[in-house]
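One structure is given here, and the rest of the page talks about it.
Bear in mind the structure is a predicted one, so any value in this text is a computation, not a measurement. In each ligand, atom 1 is the first atom listed, and ligand 1 is the first ligand listed.
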Amino acid sequence: MERLTVELGSRSYPILIGDGLLAAIGAHAAPLLKRPRTMIVTDEHVAPHYLAVVEASLAGAGIAHSALVLPAGEGTKSWDGLARLTEWLIGEGVERGDHVIALGGGVIGDLVGFACSIVKRGCAFVQVPTTLLAQVDSSVGGKTAINVPAGKNLIGAFHQPALVLIDPTTLATLPRRELGAGYAEVVKYGLIDDVAFFAWCEDHGAALLAGDSAARHKAIAHSVSAKARIVAADERETQDVRALLNLGHSFGHALEAETGYSDRLLHGEAVAAGMVLAHQFSAANGLCSREDAARVRDHLASVDLPHSLASAGVNSDGATLSGHMAHDKKVRGGKLPLILTHGIGQSFVTDEYGLDRVAAFLDGNAA
Ligand code: NAD
Ligand code: GLY
């Protein structure tokens with residue numbers, strides 16, 4: 001088992017990574033609990049595979065528990081989902097000292113985290129991520145939120161978990177498309193500031209996606225260690241450090257909006273195409289070499305991830321796409337900060353490039 005720490009002073013917490021850890025959750029959770037009682041929240045795809053393992057482990061450690069199984073999918077991260085969850089927690093007699101277990105992907109993690117930030121003015125929670133995206137990104141860092149009609153993740157809070165417990169064997173049941181979407185976020189860490197890790201992805205990405213457990217373990221540990229470092233440096237995204245985690249997200253956001261935030265394009269798939277576009281836009285503006293931009297595109301294409309507007313299934317014009325970007329929640333004083341790059345592993349934040357230039361670039365990229 002590997003143990004990392006997110007260093008946040010009195011709110012620091014461990015990240016445990018290991019095959020089979022789900023069956024040991026009772027032993028790892030017990031020292032955190034003020035009373036031997038917890039509540040598990042999961043979804044209907046995850047529950048049939050993993051709920052019984054978690055329940056047995058808690059029972060073995062003498063921890064009483066109850067479980068709520070919510071519908072799977074982004075729709076659960078909503079006012080209705082939040083109301084249902086918070087009312088269930090209160091009905092179960094949740095106390096401020098309790099730790100709620102979020103067993104699932106980013107949807108369950110974000111929803112449970114937000115519910116725990118507000119129920120009885122705040123209780124603790126444990127992230128047990130079961131998708132690759134959640135294992136390498138969303139379970140660490142304390143961003144929690146729900147979606148509202150005006151946009152995704154617009155209502156939320158920073159609320160750090162007390163423990164993140166990652167069992168990579170849960171990826172065995174994850175659909176291949178979801179695995180690919182999570183893999184885009186793995187590649188992102190190489191592109192941000194770690195060219196050697198990007199090269200590792202080029203060499204091992206296909207094996208990871210095919211099920212190689214050593215490659216999965218290495219990718220998860222390397223990614224969460226990078227994320228832990230970034231979160232420790234800039235927990236609330238005020239210093240242009242954590243913002244680097246949004247590489248590919250502004251372009252990707254336009255693609256997601258254009259495809260209706262639907263199964264046509266998963267978030268990680270949009271990020272993959274968005275990262276290629278960010279590199280190509282950087283190259284078009286003389287910031288990065290065309291060779292680096294091509295290398296990023298070629299790797300993502302080689303693992304069947306979207307790597308262009310066309311492969312993302314989008315043929316809209318630049319004005320339409322940049323119009324979506326104008327509504328990004330990261331807009332500051334009317335300007336959208338973009339994550340651009342001087343080359344692989346050399347990304348930076350800038351608001352020097354207006355959306356008119358982005359629109360012209362996207363028009364030239366439509367083929
Ligand atoms: P998800 O939670 O919807 O999971 C994807 C699908 O896989 C769902 O159908 C789920 O039921 C299923 N699933 C999960 N684990 C499984 C397993 N082991 N076996 C079989 N099926 C399984 O989606 P996601 O990609 O994990 O997360 C996306 C969400 O994460 C979005 O809401 C996004 O906004 C959020 N997010 C948050 C952060 C953050 O920092 N908080 C970062 C990135 C993304
Ligand atoms: N996934 C972006 C962040 O955690 O900041």
Options [options], ranked by nearest heavy atom to [atom], top entry:
atom: atom 36 (N) of ligand 1; options: G106, S138, A181; value: S138
atom: atom 18 (N) of ligand 1; options: L111, L132, T170; value: T170
atom: atom 1 (N) of ligand 2; options: L244, D137, L245; value: D137
atom: atom 37 (C) of ligand 1; options: D110, L103, L171, V107; value: D110
atom: atom 31 (C) of ligand 1; options: H267, E44, E74, H45; value: E74

Quick one: which of V186, V187, I344 gives a side-chain contact (heavy atoms from CB on, under 4.5 Å) with F197?
->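 Exactly one candidate clears the test, V186.
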Applying side-chain contact (heavy atoms from CB on, under 4.5 Å) between V314 and each of T320, L362, L321, report the one that passes.
->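 Going through T320, L362, L321 one by one, the side-chain contact (heavy atoms from CB on, under 4.5 Å) with V314 is satisfied by L321 alone.
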Give me the residue, atom name and distance of the protein heavy atom closest to [atom].
atom: atom 44 (C) of ligand 1; answer: L133 CD2, 3.6 Å
atom: atom 7 (O) of ligand 1; answer: L174 CD1, 3.8 Å
atom: atom 43 (C) of ligand 1; answer: D137 OD2, 3.7 Å
atom: atom 33 (C) of ligand 1; answer: K77 NZ, 3.8 Å
atom: atom 4 (O) of ligand 1; answer: T131 CG2, 3.5 Å
atom: atom 11 (O) of ligand 1; answer: D43 OD2, 2.7 Å
atom: atom 15 (N) of ligand 1; answer: T130 OG1, 2.8 Å

Decide yes or no on ring-ring contact (aromatic ring centres under 6.0 Å, His included) for H299 and Y183, but give the supporting numbers first.
-> CA-CA 11 Å; H299 177 54; Y183 178 68; 5.7 Å; yes
Considering only heavy atoms of [X], which atoms of ligand 1 have at least one such atom less than 4.0 Å away?
X: N153; result: 34 (O)
X: T173; result: 17 (C), 18 (N), 19 (N), 20 (C)
X: E178; result: 5 (C), 6 (C)
X: K227; result: 40 (O)
X: Y50; result: 18 (N)

Looking only at side chains, do [X] and [Y] share a donor and an acceptor under 3.5 Å apart?
X: S78; Y: D80; answer: no
X: H217; Y: E2; answer: yes
X: Q346; Y: D193; answer: no

Give a yes or no answer on whether the side chain of R177 reaches the backbone of D263 with a donor-acceptor pair at less than 3.5 Å.
->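 Yes: the side chain of R177 pairs with the backbone of D263.
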Main-chain N/O of L247 paired with H249 side-chain donor or acceptor, under 3.5 Å =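 Indeed, once roles are kept as given, a pair shorter than 3.5 Å links the two residues.
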At their closest point, which heavy atom of Q135 faces which heavy atom of P168, and how far apart are they?
->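 What the structure gives for the nearest pair is OE1-CA, 4.1 Å.
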For A61 and A27, which heavy atoms make the closest approach, and how far apart are they?
->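 Smallest interatomic distance, heavy atoms only, reads CB-N, 4.2 Å.
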In ligand 2, which numbered atoms sit nearer than 4.0 Å to a non-hydrogen atom of K143?
->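 With K143 as reference, the close atoms of ligand 2 come out as 2 (C), 3 (C), 4 (O), 5 (O).
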Give the atoms of ligand 2, by number and element, whose distance to some non-hydrogen atom of R242 is under 4.0 Å.
->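 By the 4.0 Å cutoff, the relevant atoms are 3 (C), 4 (O), 5 (O).
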Taking the side chain as every heavy atom from C-beta outward, state whether [X] and [Y] have any pair of such atoms under 4.5 Å apart.
X: F361; Y: F251; value: yes
X: Y50; Y: T173; value: yes
X: V6; Y: V140; value: yes

Using the salt bridge (charged side-chain N to carboxylate O under 4.0 Å, His left out) rule, pick out the option among K120, K34, R35 that qualifies with E95.
->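 Going through K120, K34, R35 one by one, the salt bridge (charged side-chain N to carboxylate O under 4.0 Å, His left out) with E95 is satisfied by R35 alone.
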Does any N/O atom on H49 come nearer than 3.5 Å to any N/O atom on ligand 1?
->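 Between H49 and ligand 1, no N or O pair is found under 3.5 Å apart.
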Q135: heavy atom below 4.0 Å from ligand 1, yes or no?
->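 Under 4.0 Å: no for Q135.
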At under 4.0 Å between heavy atoms, which part of K152 makes contact with ligand 1: side chain, backbone, both or neither?
->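 Under 4.0 Å from ligand 1, K152 contributes side-chain atoms alone.
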Tell me, please: is K227 in heavy-atom contact with ligand 2, that is, under 4.0 Å?
->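 Yes, K227 has heavy atoms under 4.0 Å from ligand 2.
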